[in-house]
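Before any comments, here is the structure.
Heads up: numbering here begins at 1 and tracks the sequence.
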Amino acid sequence: AILYADITTDAVICWNSDSPYRGTFDGNGHTLTVSYKGSDNSAYNSEYIAPFRYVSNATIRHLHTAGTINNNHKYAAGIVASVQPNSTVVIDGCRSSMTLNSGVDGDATNGGFVAVVHDDANVTFLNCKFDGSFEGANSSHNGGYVGYTNGPVTIENCLFAPANINTKSEGSETWARVGTGSL
């Protein structure tokens, strides 16, 4: 898929974990601006919220994401919520300017780019920049690029330059929180 214009939406790509996004998504230098509001009767009041909810064996390149995710559940991210088990994902030349506004009290496991890399999956970031924000005075355990990983993560020529961090630093990491088993 190739993006040919800037888009503003409140929709996500690949809502169901049984049908993750596969293949190449080329943002073509354009911006995808989202507004996900996790109110009580919203579909976004759940875990795993990002522009790409579930991804497996994919490349996402030259995409700029912006906007806000307001969520009272774990696992929100600037581009991908869940990298499915046993898959390989490359995020190349992307920029996340997302504001991740968490209502979670404690471990939120939000990620600037990816919330969770599941078992035996691997992710490579090339030439990426996070300049968004982490908000939520009571949330913690976030990752600047990856909220939590159980697989290898490679980060090359990337920058973490958040506009703001208003969360607890407990359990958080600048690049990726590394786990030791299944979530």
Side-chain angles (χ1 to χ4, degrees), residues 1 11-27 32 34 36 38 43-61 63 65 69-96 98 100-128 130 132 134 136 139-156 158 160 167 170-183:
V12 298
I13 299 167
C14 297
W15 187 258
N16 187 323
S17 63
D18 294 334
S19 302
Y21 185 84
R22 299 174 198 270
T24 300
F25 187 95
D26 188 342
L32 175 63
V34 301
Y36 303 144
Y44 301 113
N45 192 16
S46 61
E47 294 183 339
Y48 298 106
I49 299 297
F52 291 82
R53 192 166 189 201
Y54 298 101
V55 172
S56 179
N57 296 319
T59 297
I60 300 170
R61 67 170 54 115
L63 177 65
T65 56
I69 298 174
N70 293 304
N71 197 354
N72 294 321
H73 295 277
K74 295 173 76 167
Y75 315 127
I79 294 184
V80 175
S82 174
V83 174
Q84 297 299 86
N86 304 305
S87 66
T88 298
V89 172
V90 176
I91 299 176
D92 181 13
C94 291
R95 177 178 167 204
S96 173
M98 296 289 288
L100 304 172
N101 189 4
S102 178
V104 172
D105 187 6
D107 181 354
T109 310
N110 294 326
F113 281 90
V114 175
V116 177
V117 178
H118 288 281
D119 296 339
D120 299 318
N122 68 76
V123 176
T124 299
F125 294 94
L126 304 168
N127 309 306
C128 293
F130 177 81
F134 287 88
S139 71
S140 62
H141 294 79
N142 298 304
Y145 268 55
V146 179
Y148 189 88
T149 182
N150 275 325
V153 173
T154 302
I155 300 173
E156 294 181 11
C158 293
F160 179 70
T167 62
E170 175 189 354
S172 296
E173 295 290 339
T174 301
W175 298 104
R177 288 181 52 232
V178 179
T180 58
S182 297
L183 287 176

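Side chain of Asn110 to backbone of Ala76: a donor-acceptor contact under 3.5 angstrom is found. Put simply, the side chain of Ser140 gets close to the backbone of Gly106: a donor and an acceptor are under 3.5 Å apart. Tyr36 places a side-chain N or O within 3.5 Å of a backbone atom of Ala11 that can act as its donor or acceptor partner. With Thr65 contributing its side chain and Ile79 its backbone, the two residues share no donor-acceptor pair below 3.5 Å. Checked by atom type and distance alone, the side chain of Arg177 pairs as donor or acceptor with a backbone atom of His141 at under 3.5 Å. Remark: the backbone N or O of Gly112 is paired with a side-chain donor or acceptor of Ser96 at under 3.5 angstrom.
Heavy-atom minimum distance, Phe134 versus Gly111: CZ-C, 4.1 Å. Taking every heavy atom of both residues into account, His73 and Glu47 meet most closely at CB-N, 3.8 Å. Closest approach of Val114 and Val83 over heavy atoms only: CG1-CG2, 3.9 Å. Looking at every heavy atom in both residues, Gly136 comes nearest to Asn101 through N-OD1, 4.2 Å. Of all heavy-atom pairs between Ala108 and Ser139, the closest is CB-CB, 3.9 Å. Between Ala50 and Ala81 the shortest heavy-atom distance is CB-N, 3.3 Å.
Expressed to the nearest 0.5 Å, how far CE of Met98 lies from CG of Leu32 amounts to 8.0 Å. Asn142 CG to Thr109 OG1: the interatomic distance, rounded to the nearest 0.5 Å, is 7.0 Å. Here the straight-line distance linking atom OG of Ser17 with atom CD of Gln84 works out to 6.0 Å at 0.5 Å rounding. To the nearest 0.5 Å, the span separating OG on Ser82 from CD1 on Ile49 amounts to 11.5 Å. To the nearest 0.5 angstrom, Tyr54 atom OH is 13.5 Å from Ser87 atom OG. The distance from the CG atom of Leu100 to the CD1 atom of Ile69 is 5.5 Å, given to the nearest 0.5 Å.
A 4.5 Å side-chain heavy-atom check between Asp120 and Pro85 finds every atom pair outside the cut-off. Proximity of Arg53 to Ser46: side-chain heavy atoms (C-beta onward) are separated by under 4.5 Å at one or more points. In this structure the side chain of Thr149 never reaches within 4.5 angstrom of the side chain of Val123, judged on heavy atoms. Counting heavy atoms from C-beta on, the side chains of Lys74 and Val116 never come closer than 4.5 Å. Using a 4.5 Å heavy-atom threshold, the side chains of Ile60 and Phe113 count as separate.
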query: What do the steps show when you test Val178 against Glu173 for side-chain contact (heavy atoms from CB on, under 4.5 Å), and what is the final call?
result: CA-CA 9 Å; Val178 179; Glu173 295 290 339; over 6 Å; no

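For Cys158, the side chain to side chain contact (heavy atoms under 4.5 Å, CB included) partners at least two apart in sequence or on another chain are Phe125, Cys128, Tyr145, Ile155, Trp175.
Ring orientation note: the planes of Tyr21 and Phe52 are nearly perpendicular, at an angle over 60° on the 30°/60° scale.
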